[in-house]
Amino acid sequence: MSLSSGSKSTIILIFLLLGIISCSEKTELKHRLIHNNDGTDALGNYWFQKRPLSVADINAYVDQVSGSQATTYMMCSGSDFLYYRSNYGRVFGDDLDGKLDCGCDTATYNHMHRFYQNFLNLEKEGTDLITASLSRAKENGMEAFITYRMNDLHFNDTTTHCPIVYTDFWYSHPEFWLNDQTPGWNASRALDFAQSEVRSHKLAIISEQLEKYDLIDGFDLDFMRFIVYFKMGEGRQNAPLMTQLVKDIRAKADEVSARRGKKILLSVRVPPTLEACLDKGLDVQEWVRLGLVDFISIGVHWLGDPSLPVAKFIQDLNAPHIPVYASIDDGGYRPRETFSHGMFRGMASHIHAQGAQGIYLFNQYYGEFYSGFNGQLHLEEGGQVCRVMMPLLLQELGSPETLEKRNKIYCLCDSSGQYGINPVTPLPLTVTDEQFSEAEIFIGDDPRKTPPEEVILFFRLSRSSGFEVMVNGIKIETEKPEYVSLYDRARGLTGSEKHYAFHVPVGSLKKGYNTVGFKAKEPGTFRIKRLEIALKYGDVETNGYF
């Protein structure tokens with residue numbers, strides 16, 4: 001019996017789809033340590049003294065991540081400022097042969113144009129940033145993903161009067177600007193996703209990248225950069241628009257997957273609670289119900305949240321078949337008050353112990369380590385703390401086993417919110433003389449199974465005051481004032497704030513949530529602004545710097 005050409009095509013398509021499903025079942029990862037590179041870090045060649053970029057340099061970028069616990073390499077594609085020649089936007093830093101300048105602001109012009117020169121260097125070698133980096137990642141055995149920033153606001157500042165820093169679509173269509181400054185920095189000039197033209201523009205770019213880069217294993221939609229899509233308060237009513245956009249992206253990914261005989265995974269990075277997602281117009285539960293996403297990462301915009309509610313997100317999502325990861329960002333409590341190595345370990349242990357299937361490292365810049373300190377260790381005063389991000393952390397953060405008996409600092413978020421995403425935290429905690437005020441802090445280690453040498457409680461008060469402090473009902477009395485400077489905890493103190501350190505009996509701690517209570521010794525109130533518990537397993541050279 002002969003088959004018509006239409007029937008043959010249908011059968012071929014079915015076999016392709018079955019092959020994709022079969023391949024996916026055999027090879028799709030669940031546990032991941034994801035390393036995200038924002039692209040400008042590499043395109044500017046910050047790790048190598050900003051010298052003219054070469055493919056060899058890109059290989060070196062990727063090689064620093066390879067051979068670690070990292071399973072997945074994500075390269076940003078530039079949002080509307082593309083890192084390749086596109087039909088929908090200008091290459092990052094392209095001055096259109098001198099037609100775009102910055103007047104007297106030569107510093108900004110030279111800064112931006114250098115990125116374009118490096119793009120041209122790669123183009124002369126027959127490649128671009130995305131192809132070069134992701135090819136190297138796959139050669140080195142990692143998954144290769146494009147990560148796309150859904151609404152990047154870095155270049156939406158209309159006060160600069162420097163057209164080289166403006167993206168073409170955005171600059172040409174002020175009628176699509178949000179015009180609501182309420183959410184935060186540059187939000188009034190964000191593209192408004194309530195406009196169909198904006199969603200169509202984004203879909204066109206993403207479709208172009210899915211078609212162009214046949215080496216990718218997946219595509220990541222980074223909604224946290226920046227988490228502004230609709231006017232404040234209008235996210236929920238517009239959520240169906242975003243669901244349709246994700247549907248269209250999924251359909252395109254599936255179409256390309258069927259043609260290539262390999263499934264392209266679709267992932268999303270979203271706020272850390274389902275309520276916050278919906279407020280921003282992201283109906284993540286509906287996306288899961290419709291089968292639109294393969295895994296989810298939760299995180300913040302920039303200032304870090306060391307106590308993300310991972311377990312609650314997983315419970316509320318109620319989708320055991322969807323891996324959930326949590327991101328550790330490069331920001332700290334305050335801008336440029338970066339997290340330390342011990343804090344990174346504490347955050348990673350928190351994420352693993354709360355049930356995530358891995359970690360998403362966002363903007364893990366190593367330029368300061370390589371260029372600023374020539375690959376040498378740099379410690380804060382006291383010699384116990386390192387705040388410079390280094391590739392060696394990639395050998396530890398991906399697994400509870402490699403984090404065991406490593407020095408850590410567990411922290412509560414100090415309530416710094418961004419773009420209307422309010423962290424889940426008891427801080428600042430108001431304390432009076434009437435009764436104990438309590439905060440719970442999660443410990444991912446099991447101190448009773450693997451007891452540390454020492455446990456240290458750090459906390460910051462809004463003002464100096466007399467107080468009582470308890471941990472899990474046990475009174476804490478041994479103060480260690482010298483530890484405040486030794487462990488670099490006074491950083492960022494303002495006004496009348498005062499930081500304290502106390503020794504805590506190891507036996508008073510447990511794995512999971514631990515209750516820390518405060519009571520004032522005199523009338524009046526003060527606030528607990530920061531709260532941290534350090535676990536010291538040994539000297540820093542052996543067990544890791546705090």
* Asked: Are any side-chain N or O atoms of Gln418 and backbone N or O atoms of Leu303, one a donor and one an acceptor, separated by less than 3.5 Å?
  -> yes

Between Val506 and Pro452 the two heavy atoms that sit nearest each other are CG2-O, 3.6 Å

For Lys280, the salt bridge (charged side-chain N to carboxylate O under 4.0 Å, His left out) test, sequence neighbours excluded, returns none

Checking Ser68 side chain against Val65 main chain: does a donor-acceptor pair fall under 3.5 Å? yes

Between the CG atom in Asp279 and the CG atom in Leu274, the distance rounded to the nearest 0.5 Å is 11.0 Å

Rounded to the nearest 0.5 angstrom, the CZ-CG distance for Arg406 and Leu403 is 8.5 Å

Residues Met390 and His341: closest non-hydrogen pair is SD-CE1, 3.4 Å

Margin query: For a quick check under 3.5 Å, do Glu208 and Ser86 share a side-chain donor-acceptor pair by atom type?
Written below: yes

Quick test of your reading of the model: are Arg334 and Asp414 salt-bridged, counting only N-O distances below 4.0 Å?
yes

If the threshold is 4.0 Å, N to carboxylate O, is there a salt bridge linking Glu275 and Arg236? yes

Practice prompt. Before giving the answer on ring pair (Phe, Tyr, Trp, His ring centres under 6.0 Å), spell out for Tyr419 and Phe226 the whole-Å C-alpha distance, their side-chain angles and the decisive distance to 0.1 Å.
Written response: CA-CA 8 Å; Tyr419 292 99; Phe226 287 29; 5.8 Å; yes

- Task: For Tyr73 and Ser66, indicate whether the former's side chain and the latter's backbone hold a donor-acceptor pair under 3.5 Å.
- Result: no

*Do Glu286 and Thr243 have a side chain donor and acceptor closer than 3.5 Å?*
no

From the list Glu532, Met347, Met343, side chain to side chain contact (heavy atoms under 4.5 Å, CB included) partner of Pro306 resolves to Met347

Do the side-chain N and O atoms of Tyr333 and Arg530 include a donor-acceptor pair separated by under 3.5 angstrom? no

- If we only count heavy atoms from C-beta on, is the Leu535 to Val455 side-chain gap below 4.5 Å? yes

Please tell me if the side chains of Glu143 and Leu265 come closer than 4.5 Å, counting only heavy atoms from C-beta onward.
yes

_What I'd like to find out is whether the side chain of Val256 reaches to under 4.5 Å of the side chain of Glu211, using heavy atoms alone._
yes

Looking only at side chains, do Ser508 and Asn472 share a donor and an acceptor under 3.5 Å apart? no

Does any part of the side chain of Lys511, heavy atoms only, come nearer than 4.5 Å to the side chain of Ile443, both counted from C-beta? no

Establish, from distance only, whether the side-chain atoms of Asp41 and Tyr61 form a donor-acceptor pair under 3.5 Å. no

Between the OG1 atom in Thr71 and the CE atom in Met142, the distance rounded to the nearest 0.5 Å is 9.0 Å

* Asked: Thinking salt bridges, do Lys252 and Asp248 make one under a 4.0 Å N-O criterion?
  -> no

Checking side-chain hydrogen bond (donor to acceptor under 3.5 Å, both in side chains) for the pair Gln69/Thr402: CA distance, chi angles, key distance, verdict? CA-CA 10 Å; Gln69 294 177 327; Thr402 49; 2.9 Å; yes

Of all heavy-atom pairs linking Ile34 and Ser297, the shortest is CD1-OG, 4.4 Å

inquiry  = For Lys312, I'd like to know if atom NZ has over 12 heavy atoms of other residues, nucleotides or ligands within 6.0 Å.
reply    = no

### Query
When the aromatic ring centroids of Phe155 and Phe92 are compared, is their separation below 6.0 Å?
yes

Task: Any donor-acceptor pair under 3.5 Å from Asn238 side chain to Leu241 backbone - done: no

Check your understanding: Is there a donor-acceptor pair under 3.5 Å between the side chain of Tyr410 and the backbone N or O of Gly444?
Key -> yes

Heavy-atom donor-acceptor pair, Lys138 side chain to Asp217 backbone, under 3.5 Å: no

In this structure, is the centre-to-centre distance between the rings of Phe442 and His350 below 6.0 Å? yes

Tightest non-hydrogen contact, residues Leu429 and Ser437, listed as CD2-O, 3.8 Å

Is there a donor-acceptor pair closer than 3.5 Å between any side-chain N or O of Arg448 and the backbone N or O of Leu509? yes

Closest heavy-atom pair, Leu178 versus Lys231, reported as atoms and distance to 0.1 Å, is O-NZ, 3.0 Å

Report yes if some heavy atom in the side chain of Thr338 is under 4.5 Å from a heavy atom in the side chain of Asp330; otherwise report no.
no

Q.
Between Leu531 and Glu440, is there a side-chain heavy-atom distance shorter than 4.5 Å?
A. no

- Item | Side-chain (Ser327) to main-chain (Asp329) donor-acceptor, under 3.5 angstrom | no

If only side-chain N and O atoms count, and only distance matters, is there a donor-acceptor pair under 3.5 Å linking Asn407 with Asn543? no

*Cation over ring, Arg269 on Phe362, under 6.0 Å and within 45°?*
yes

ring-ring contact (aromatic ring centres under 6.0 Å, His included) filter on Tyr360, not counting sequence neighbours, yields none

dist Thr167:OG1 -> His201:NE2 (nearest 0.5 Å) comes out at 7.0 Å

### Message
Please evaluate residues Tyr229 and Phe223 with respect to the criterion ring pair (Phe, Tyr, Trp, His ring centres under 6.0 Å), reporting the C-alpha separation (whole Å), side-chain torsions for both, the decisive distance (0.1 Å), and the verdict.
### Response
CA-CA 9 Å; Tyr229 299 95; Phe223 287 98; 5.7 Å; yes

### Query
Side-chain contact, heavy-atom cut-off 4.5 Å: Leu129 with Met75?
yes

Open item on the list: Is a donor from one side chain sitting under 3.5 angstrom from an acceptor on the other, for Ser307 and Asp305?
Closed with: yes

Lys405 atom NZ, neighbour heavy-atom count above 12 within 6.0 Å
no

Interatomic distance, CD1@Ile130 vs OG1@Thr147, rounded to 0.5 Å, equals 10.5 Å

Any heavy-atom pair between the side chains of Val300 and Leu308 that's under 4.5 Å? yes

Can a donor-acceptor pair be found, under 3.5 Å and without considering hydrogens, that links the side chain of His301 to the backbone of Pro271?
no

- Task: Indicate the ring-plane relationship of Phe169 and Phe176, choosing parallel, tilted or perpendicular according to the 30° and 60° boundaries.
- Result: parallel

Exactly one candidate in Leu221, Asp222, Ile296 meets side chain to side chain contact (heavy atoms under 4.5 Å, CB included) with Val270; the answer is Ile296

Query raised in the report: Less than 6.0 Å separating the ring centroids of Phe145 and Phe295?
Result: yes

- Assess the side chains of Asp445 and Tyr537: does a donor N or O sit below 3.5 Å from an acceptor N or O? yes

Self-check item: Pair Glu337 + Arg387: basic N to acidic O under 4.0 Å
Solution: no

Pair Lys449 + Asp446: basic N to acidic O under 4.0 Å: no

Asn151 and Ala190 have their tightest heavy-atom pair at ND2-CB, 3.8 Å

Rounded to the nearest 0.5 angstrom, the CG-CG distance for Leu397 and Leu33 is 7.0 Å

*asked:* When you measure from the side chain of Tyr84 to the backbone of Gln209, do you find a donor-acceptor pair of N or O atoms at a distance under 3.5 Å?
replied: no

